[in-house]
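Take a look at the structure set out below.
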Amino acid sequence: QVQLVESGGGLVQAGDSLRLSCAASGRTFSIYTMGWFRQAPGKERNLVAHITWRDGRTYYAESVKGRFTISRDNAKNTVYLQMNSLKPEDTAVYYCAAGPGGTISSAYWDWGQGTQVTVSS
C-alpha cells in the first residue's frame, strides 16, 4: 500500500497560480502512475492529469491543457501539479492517487485525503 499526503491548496483569485504537492510513502517502488483528480460539490471525481513514475509520460484533461503541469521528483517520492491561470470552474477538492493508471478513478488503488482549491472570480 502507498500512503499519499497532499498539500498546497487554498483560496486564490481568478488568474492566480497554485502548486499542489503529493508526498508518497510506503510501497513506493510499486507505483506505476500517479494522478491528480478533482471533485466539485455534486459532481463526479474526474482526472485532471497523470504521470508515469518511471519515464514521466503525462496526460492532461482537455479542460486544463496549457494551464496545468504535472511533474514528479522520484528522489523525493513527490508529484506536483502546477496550476496557472486558474478559473472559478477549477474550484474543487483535488486528490492525489497512485495505481496502474488511466483516466478513471477505479484505475487507481491508493488515494490521498484531498486538498481544497477555491478560485474566486
Side-chain angles (χ1 to χ4, degrees):
Q1 190 176 9
V2 177
Q3 291 78 45
L4 303 170
V5 178
E6 302 101 333
S7 61
L11 171 63
V12 297
Q13 293 186 332
D16 285 350
S17 299
L18 273 178
R19 189 176 81 155
L20 305 182
S21 300
C22 174
S25 61
R27 297 173 60 89
T28 56
F29 60 87
S30 67
I31 296 175
Y32 184 78
T33 301
M34 290 191 72
W36 285 99
F37 285 76
R38 66 185 181 187
Q39 187 168 22
K43 295 189 177 181
E44 294 183 347
R45 187 174 298 188
N46 293 317
L47 178 72
V48 175
H50 67 62
I51 186 166
T52 55
W53 199 242
R54 287 185 175 80
D55 58 12
R57 286 179 291 118
T58 58
Y59 170 91
Y60 295 94
E62 285 295 327
S63 58
V64 305
K65 277 185 180 178
R67 300 189 298 125
F68 291 12
T69 302
I70 190 170
S71 61
R72 87 251 190 258
D73 185 331
N74 295 56
K76 295 182 179 180
N77 289 329
T78 300
V79 65
Y80 304 97
L81 185 68
Q82 177 67 43
M83 306 185 293
N84 298 329
S85 302
L86 282 161
K87 304 176 181 179
E89 50 263 44
D90 294 318
T91 295
V93 177
Y94 283 71
Y95 296 91
C96 176
T103 58
I104 58 176
S105 58
S106 59
Y108 295 81
W109 298 337
D110 299 296
W111 291 82
Q113 81 287 352
T115 185
Q116 176 71 46
V117 172
T118 303
V119 185
S120 64
S121 57

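- Atoms OG1 and CD1, on Thr33 and Ile51 in that order, are 9.5 Å from each other to the nearest 0.5 Å.
- In this structure the side chain of Met83 never reaches within 4.5 angstrom of the side chain of Arg67, judged on heavy atoms.
- Using a 30° and 60° split on the angle between ring planes, Tyr108 and Phe37 fall in the perpendicular class, above 60°.
- When all heavy atoms of Ser30 and Val2 are compared, the pair lying nearest together is OG-CG2, 4.0 Å.
- Pairing each heavy atom of Lys65 with each of Glu62, the nearest pair is NZ-OE2, 2.8 Å.
- By the neighbour-count criterion of 12 heavy atoms within 6.0 Å, atom CD of Gln113 is densely surrounded, having more than that number from other residues, nucleotides or ligands.
- By the rule that hydrophobic residues join a cluster once side-chain heavy atoms approach within less than 4.5 Å of another member, Leu18 and Val48 end up as members of one cluster.
- In this structure, the separation between NZ on Lys87 and OG on Ser121 is 14.0 Å, given to the nearest 0.5 Å.
- Atoms CZ and OG1, from Arg72 and Thr78 in turn, are 12.0 Å apart once rounded to the nearest 0.5 Å.
- Between the OG1 atom in Thr28 and the CG atom in Asn77 there is a gap of 4.0 Å [rounded to 0.5 Å].
- Residue Tyr59 holds its OH atom at 6.5 Å from CG of Leu47, rounded to the nearest 0.5 Å.
- Counting all heavy atoms, side chain and backbone alike, Val119 lies closest to Thr91 at N-OG1, 2.9 Å.
- In the hydrophobic cluster analysis, where Ile, Leu, Val, Met, Phe, Trp and Tyr join through side-chain heavy atoms closer than 4.5 angstrom, Val79 is grouped apart from Trp111.
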Practice task
Determine, stepwise, if the pair Phe68 / Trp36 fulfils ring pair (Phe, Tyr, Trp, His ring centres under 6.0 Å).
Solution key: CA-CA 11 Å; Phe68 291 12; Trp36 285 99; over 10 Å; no
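- What you find for Tyr32 and Arg57 is that their closest heavy atoms are OH-NH2, 3.3 Å.
- Here the side chain of Gln82 pairs no donor or acceptor atom with the backbone of Arg19 at under 3.5 angstrom.
- We find the CG-OG distance between Leu4 and Ser25 to be 7.5 Å, quoted to the nearest 0.5 Å.
- Nearest approach of Met34 to Ala24, heavy atoms of both residues: CE-CB, 4.4 Å.
- In terms of modelled atom types and a separation under 3.5 Å, the side chain of Gln1 and the main chain of Arg27 share no donor-acceptor contact.
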Donor-acceptor pairs are to be reported for all side-chain atoms of residues 92-106 against protein atoms at under 3.5 Å, with residues two or more places apart or in another chain.
{"residue": "Tyr94", "atom": "OH", "partner": "Arg38", "partner atom": "NH1", "Å": "2.9"}
{"residue": "Tyr94", "atom": "OH", "partner": "Asp90", "partner atom": "O", "Å": "2.6"}

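- The two atoms that bring Ile31 and Trp53 nearest to each other are O-CB, 3.7 Å, heavy atoms only.
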